[in-house]
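Here it is: the structure, laid out below.
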Number of protein chains: 2
Amino acid sequence: MRSVNTPRPATRTDVARLAGVSDAVVSYVVNSGPRPVAAATRARVLDAIHALNYRPNATARALSRGMSDVFGMLVVDARNPFFAQLVYAANRESSAHGHSLMTVSTGGSPLSLDEQVDELVARRVRGLISVHAFTPRQIERLRGQGIHVVVINQPAATPGIPSVRVDLPAGARTAVEHLIGHGYRRIGFVGAAEYRSAREHGWADAVSAAGLPLGPRVLTEYSLDGGYDAGLQLLQLEHRPDAVFVSSDQMSMGLLAAVHAAGLRVPEDLALASFDGVTESAYLWPPLTTVRQPVAEITAAAVAALVADDDDVDVVLPTELVVRRSCGCPP
Amino acid sequence: MRSVNTPRPATRTDVARLAGVSDAVVSYVVNSGPRPVAAATRARVLDAIHALNYRPNATARALSRGMSDVFGMLVVDARNPFFAQLVYAANRESSAHGHSLMTVSTGGSPLSLDEQVDELVARRVRGLISVHAFTPRQIERLRGQGIHVVVINQPAATPGIPSVRVDLPAGARTAVEHLIGHGYRRIGFVGAAEYRSAREHGWADAVSAAGLPLGPRVLTEYSLDGGYDAGLQLLQLEHRPDAVFVSSDQMSMGLLAAVHAAGLRVPEDLALASFDGVTESAYLWPPLTTVRQPVAEITAAAVAALVADDDDVDVVLPTELVVRRSCGCPP
DNA sequence: CTGAAAGCGCTTACAG
DNA sequence: CTGAAAGCGCTTACAG
């Protein structure tokens, strides 16, 4: 059972009393403003803070300021390694700016996206990093609450809202061009229905530009199982592709499992180029040739946009093709 | 640039005014208590809430109650798939109980564990789910702030603090016994220095009980790279083991990469049994035989302990050996 | 440079 | 069943 007398944490008033100053002065030194404090006074306050092990109550501050110092982050599923790395990086980046991060995996919740955003709004998060696009109505609502928003990794910028993204079609194109350079002539595509366009267009452009016919296209889910399924479908085809561009490393991992289970080999029976460049991609067999998204730079730019509060930001970051063995390159 | 006149969100007073009642009554209906409200009044309030799209301000509520409705969660690194799954499950479980979850990956932060806990304390989190053990001093401090704590996945219970765990040695034992059943006689161990004892003891017990000599033991980091390194070390040994028990699926993934890179095969050249049972383990090549930890049950019990506020809880959950191909079993 | 005081949006005894 | 009022721990004009 819980012990009876729980000593309450020190408050700003306790500190003020001990230091012999007013509450306001304690606030001034804790926040380094907005008014100046004499050096001697400041020292006394600091001593008192230390002696009492005082930590400002973040909820009181949030109420008073009308805004917390928490950022919210919306991803589809933080178990996907790419999102996991984004969240991890965003966490570090937010901390560096004195903010905490509250992450929600929107997929797999019984609540709608709007309801999940509402929860964050109720907590008065100061900013929101979202991999979901928002409708003008949603943006208006968020803005009405004074919440800054930045949308990341969407194929295109939403007007009037800061966005940080990567040139998805260009990234896909470099991967497919690399596959073409290997001499593969029948290049398939695996992607997800919802986000199909950007990466798929990159694939289609590269294939067409090389004067080749479009290979088979499989649309599935962004998941391990989706990738596995896609692999199965591809392998069952009467006329199999000799290479495939897969829209995410997680899908590639699933697809690889399907190929192995069929007793076939990558790249000999089916070459593969992937997208994301998560750490795991180097540890799969074979190691993935993949388009690396600059996770640290994405989150850094996103947090910067939140902090700067400039709605006209549209940062487009470059991707980088990481060549490993799944495409057929030598070790 | 941001639009000028941001309409402020509706407050409880707005609702009260519209419904023609006092602020207190709005509170009573929002919280279904602590005082009863007449049905007709209640209906008017609900209408007003709806009309104004009112959402209670969570920060004001937290200040007033002295406690937020947020749970904190401490993991080492949420990019590790096992932790990612724990976090995901804890998130869902918390939501089901009306709580939000704020997760922090303690590794890789420049802050100490104490400092990271302090941040959560400053936010007045109501409870804390931690994969780290706490010292009596830390527990005392947390308790002093009225914060409930539950420690998960530690090898042993901390007296006076609720804990939810798995029988680590028993789990390891079943995996190693399975390996022994295959006829392997020289069985190695891969684990991490910090948590070595529990899983390592299980391995050692099973090996000794079978009258076999202990195979080589490699201590490294809980990471992909740690697993890769361990694989390298094992393969360089003059007298290689014919099987190995690896302490985590993430490490196993790294080790598998090392084996493949060396042109060797699992299980033919080195059989493998792993620990955790993350989703990914089924998609590796070969699929991992692994000791599955009941992630959903762990988080459910942890949240239940937090909600119940009973310090004497010590839940020990069973693991389950999932047999796949890495141990040498047929597909 | 410092302090007294109002206010942030809630909750909760206390009266009625 | 309902309301007036104090209080949670901060911040921030406003005076001095």
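All figures in this text were calculated on a predicted structure; none of them were measured in a lab. Each chain gets a letter, A, B and so on, in the order the sequences are listed, and its residues count up from 1.
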Non-hydrogen atoms of A:Ala89 and A:Thr299 that approach each other most closely: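 Taking A:Ala89 first and A:Thr299 second, the nearest heavy atoms are CB-OG1, 3.4 Å.
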Side chain to side chain contact (heavy atoms under 4.5 Å, CB included) between A:Phe83 and A:Val76, intermediate numbers included: CA-CA 8 Å; A:Phe83 289 137; A:Val76 178; 3.8 Å; yes
For atom CZ of B:Arg124 and atom P of C:dG9, their distance in whole Å: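 To the nearest whole Å, that distance equals 21 Å.
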Secondary-structure notation, DNA chain D, from Watson-Crick and G-U pairs under 3.5 angstrom (| other strand): |||.||||||||.|||
Pair B:Thr41-B:Tyr28, side chain to side chain contact (heavy atoms under 4.5 Å, CB included): steps then yes or no: CA-CA 11 Å; B:Thr41 313; B:Tyr28 302 153; over 6 Å; no
d(CD1, B:Ile49; C1', C:dC10) in whole Å: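 It is 13 Å, rounded to the nearest whole Å.
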Sugar-phosphate, base or nothing in reach of B:Thr11, heavy atoms under 4.0 Å: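 Contact class for B:Thr11: sugar-phosphate only.
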Side chain of A:Arg65 - closest among D:dC10, C:dT2, D:dT12: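 Minimum distance to the A:Arg65 side chain belongs to D:dT12.
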Sole candidate of B:Val15, B:Val45, B:Leu18 that passes side-chain contact (heavy atoms from CB on, under 4.5 Å) when paired with B:Tyr54: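 Filter result, single survivor: B:Val15.
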From B:His99, B:Met102, B:Met73, residue fulfilling side-chain contact (heavy atoms from CB on, under 4.5 Å) relative to B:Ser94: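 The single option meeting the side-chain contact (heavy atoms from CB on, under 4.5 Å) with B:Ser94 is B:His99.
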Between P of D:dG7 and CG of A:Leu63, the distance in whole Å: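 Going from CG in A:Leu63 over to P in D:dG7 covers 17 Å.
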Kindly give the atom pairs (protein nitrogen or oxygen, nucleotide nitrogen or oxygen) under 3.5 Å for nucleotides 3-6 of chain D.
residue, atom, partner, partner atom, Å
D:dG3, OP2, B:Ser22, N, 2.9
D:dG3, OP2, B:Ser22, OG, 3.3
D:dG3, O6, B:Tyr28, OH, 3.0

Atom pair CZ (B:Phe134) and CD1 (B:Ile161), whose distance is rounded to the nearest 0.5 Å: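 CD1 of B:Ile161 is found 6.5 Å from CZ of B:Phe134.
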Distance in angstrom units between A:Asp14 CG and D:dC8 P, rounded: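 Interatomic distance, CG of A:Asp14 to P of D:dC8: 11 Å.
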Interatomic distance, B:Asp69 CG vs C:dC10 P [rounded to whole Å]: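 So the CG-P distance, B:Asp69 to C:dC10, works out to 13 Å.
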Salt-bridge contact B:Arg141-B:Asp118 (side-chain N to carboxylate O under 4.0 Å):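 Salt bridge: yes.
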Interatomic distance, B:Arg42 CZ vs D:dT2 P [rounded to whole Å]: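 For the pair B:Arg42 CZ and D:dT2 P, the rounded distance is 12 Å.
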Sidechain-backbone polar pair: A:Thr106 side chain, A:Val75 backbone, donor-acceptor under 3.5 Å: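 Side chain of A:Thr106 to backbone of A:Val75, a donor-acceptor pair under 3.5 Å: yes, one is there.
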Close side-chain approach of A:Ile139 to A:Thr158, heavy-atom, < 4.5 Å: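 Yes, their side chains come closer than 4.5 Å.
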Shortest side-chain distance from A:Asn57, nucleotide among D:dG9, D:dT12, C:dC10: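 Out of D:dG9, D:dT12, C:dC10, the nucleotide with an atom closest to A:Asn57's side chain is D:dG9.
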d(CD, B:Gln145; P, D:dG9) in whole Å: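 Computing the B:Gln145:CD to D:dG9:P distance gives 12 Å.
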Nucleotide C:dC1, atom P - distance to CG of A:Asn31 in whole Å: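 It is 17 Å, rounded to the nearest whole Å.
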